[in-house]
Amino acid sequence: MGENTATKNHLPPQAFSVSVDTDPQRDSKWFDDDGRPKRTGNVWTASAHIITAVFGSGSGGKDPCRMNANPYMIGFGIAEIILSQIPGFHQLRWLSLVAAVMSFTYSTVVLGLGIGKVIENKRVRGSLTGISTGTVTQTQKIWRSFQALGDVAFAHSYSMILIEIQDTVKAPPSEAKTMKKATLISVAVTTLFYMFCGCFGYAAFGDMSPVNLLTGFGFYNPYWLLDIANTAIVIHHVGAYQVYCQPFFAFIEKEAALRFPDSDFVTKDTKISIPGLRPLNINLFRMVGRTIFVVITTVISMLLPFFSDIVGLLGAWPLTVYFSVEMYISQKKIPKWSTRWLCLQILSVACLIITVAALAGTIAGVIVDVKTIKPFKTSY
């Protein structure tokens with residue numbers, strides 16, 4: 001995971017304007033050996049990035065609350081358009097830290113309410129075999145079980161941004177050691193919270209458990225606490241959106257700069273002075289391109305406003321495991337048909353089977369949702 005450090009530190013030096021002070025002692029304070037701004041990340045910032053990416057959402061009483069969700073989606077999109085102007089992943093540390101704190105906030109609220117509900121019921125609802133076939137049909141139970149596999153897969157699929165997180169980490173110590181610690185801490189913490197929230201939520205509501213304990217109105221009181229938790233969910237997802245999108249933005253912008261190096265629209269930064277603040281660099285291609293991307297994703301969200309099914313669909317993606325396994329085999333030069341090689345191939349096949357099952361369950365869920373939801377007219 002971090003063995004490419006040597007490659008990163010021996011890239012050709014960047015070309016600087018003659019007006020830039022190139023004194024080695026001065027440069028070493030602000031830049032790494034590859035000419036990029038000095039990396040300052042550590043175990044805790046890397047853990048915050050991972051937790052922000054991994055944690056997910058699992059807005060009363062007897063009076064139903066009917067509302068149109070589209071204005072809230074539009075508001076979320078506007079916030080993302082503004083935050084998407086953050087130049088790169090390196091500047092997201094503060095946002096990831098805030099989002100990680102929000103993750104713990106609403107997860108702790110869910111856990112506490114779940115424990116309280118179990119105590120109030122004076123018994124544990126549900127069963128070891130899951131939802132009873134009287135509540136749903138046997139076919140629905142199978143599809144939902146498959147869909148749940150996709151949800152679990154998505155919950156821990158952050159490999160697509162792992163390299164970007166590693167690139168924010170300073171050295172020494174080596175990036176490999178830092179990332180191993182960060183991965184261990186973040187995965188252990190998120191898994192612990194997922195298990196506790198899921199188990200106590202099911203124990204509290206049994207067959208009547210909503211898809212999302214907070215946004216699905218599993219709990220109604222106390223209102224003020226639920227408001228805090230749901231606000232934390234929104235803030236967390238604002239950060240998670242950026243953590244996932246910034247690597248994609250960087251890829252598109254890098255490719256555009258390579259293809260159109262002489263285009264001022266693509267490569268030129270315009271400095272805008274703001275009184276009392278540092279000058280702001282505006283790149284037209286970055287501003288327009290990222291804005292269009294956010295608008296498109298917002299429209300898609302309004303067209304397909306069923307969170308859990310889409311999450312399962314995204315989680316049903318085998319390449320996350322397959323490529324990682326194949327790269328590990330190639331890097332370590334593991335002999336074909338050796339015990340380790342066979343175990344890794346069994347892992348890939350098992351994940352493929354889970355992927356196919358999750359994909360089938362998710363597609364079934366999407367088909368059901370499409371029949372009951374009208375695009376742009378959805379109310380809850």
What distance separates [X] [atom1] from [Y] [atom2], expressed to the nearest 0.5 Å?
{"X": "T291", "Y": "E80", "atom1": "OG1", "atom2": "CD", "answer": "11.5 Å"}
{"X": "D269", "Y": "L284", "atom1": "CG", "atom2": "CG", "answer": "9.5 Å"}
{"X": "I115", "Y": "C199", "atom1": "CD1", "atom2": "SG", "answer": "11.0 Å"}
{"X": "T178", "Y": "K181", "atom1": "OG1", "atom2": "NZ", "answer": "7.0 Å"}
{"X": "I119", "Y": "F200", "atom1": "CD1", "atom2": "CZ", "answer": "8.5 Å"}
{"X": "M287", "Y": "I292", "atom1": "CE", "atom2": "CD1", "answer": "10.5 Å"}

Joint hydrophobic cluster, [X] plus [Y], side-chain heavy atoms closer than 4.5 Å:
{"X": "M327", "Y": "I346", "value": "no"}
{"X": "V349", "Y": "I329", "value": "no"}
{"X": "L97", "Y": "M102", "value": "no"}
{"X": "F248", "Y": "V299", "value": "yes"}
{"X": "V98", "Y": "V234", "value": "no"}

Heavy-atom donor-acceptor pair, [X] side chain to [Y] backbone, under 3.5 Å:
{"X": "T297", "Y": "V294", "value": "yes"}
{"X": "H237", "Y": "I233", "value": "yes"}
{"X": "S330", "Y": "E326", "value": "no"}
{"X": "N283", "Y": "T270", "value": "no"}

Quick check on ring-ring contact (aromatic ring centres under 6.0 Å, His included): which of F249, F251, Y244 does F293 satisfy it with? F249
Do other residues, nucleotides or ligands put more than 12 heavy atoms under 6.0 Å from K177 NZ? no
Assess the residue pair V325 and L347 against the criterion (side-chain contact (heavy atoms from CB on, under 4.5 Å)); give the C-alpha distance rounded to whole Å, side-chain angles, the decisive distance to 0.1 Å, and a yes or no. CA-CA 9 Å; V325 169; L347 173 64; 4.2 Å; yes
Mind listing the closest non-hydrogen atom pair of [X] and [Y] along with its distance?
{"X": "V124", "Y": "A203", "answer": "CG1-CB, 3.6 Å"}
{"X": "A182", "Y": "S186", "answer": "O-OG, 2.7 Å"}
{"X": "S84", "Y": "Y241", "answer": "OG-CE2, 4.5 Å"}
{"X": "R286", "Y": "E253", "answer": "CG-OE2, 3.4 Å"}
{"X": "G239", "Y": "A99", "answer": "CA-CB, 4.1 Å"}
{"X": "I334", "Y": "R340", "answer": "CD1-CD, 3.3 Å"}

Are side-chain heavy atoms of [X] and [Y] found at a separation under 4.5 Å?
{"X": "F76", "Y": "T298", "result": "no"}
{"X": "V295", "Y": "I81", "result": "yes"}
{"X": "L226", "Y": "L113", "result": "yes"}
{"X": "V109", "Y": "I228", "result": "no"}
{"X": "H236", "Y": "T105", "result": "no"}
{"X": "R290", "Y": "I252", "result": "no"}
{"X": "M302", "Y": "I74", "result": "yes"}

F193 ring center within less than 6.0 Å of F104 ring center: yes
F260 ring center near F285 ring center (under 6.0 Å): no
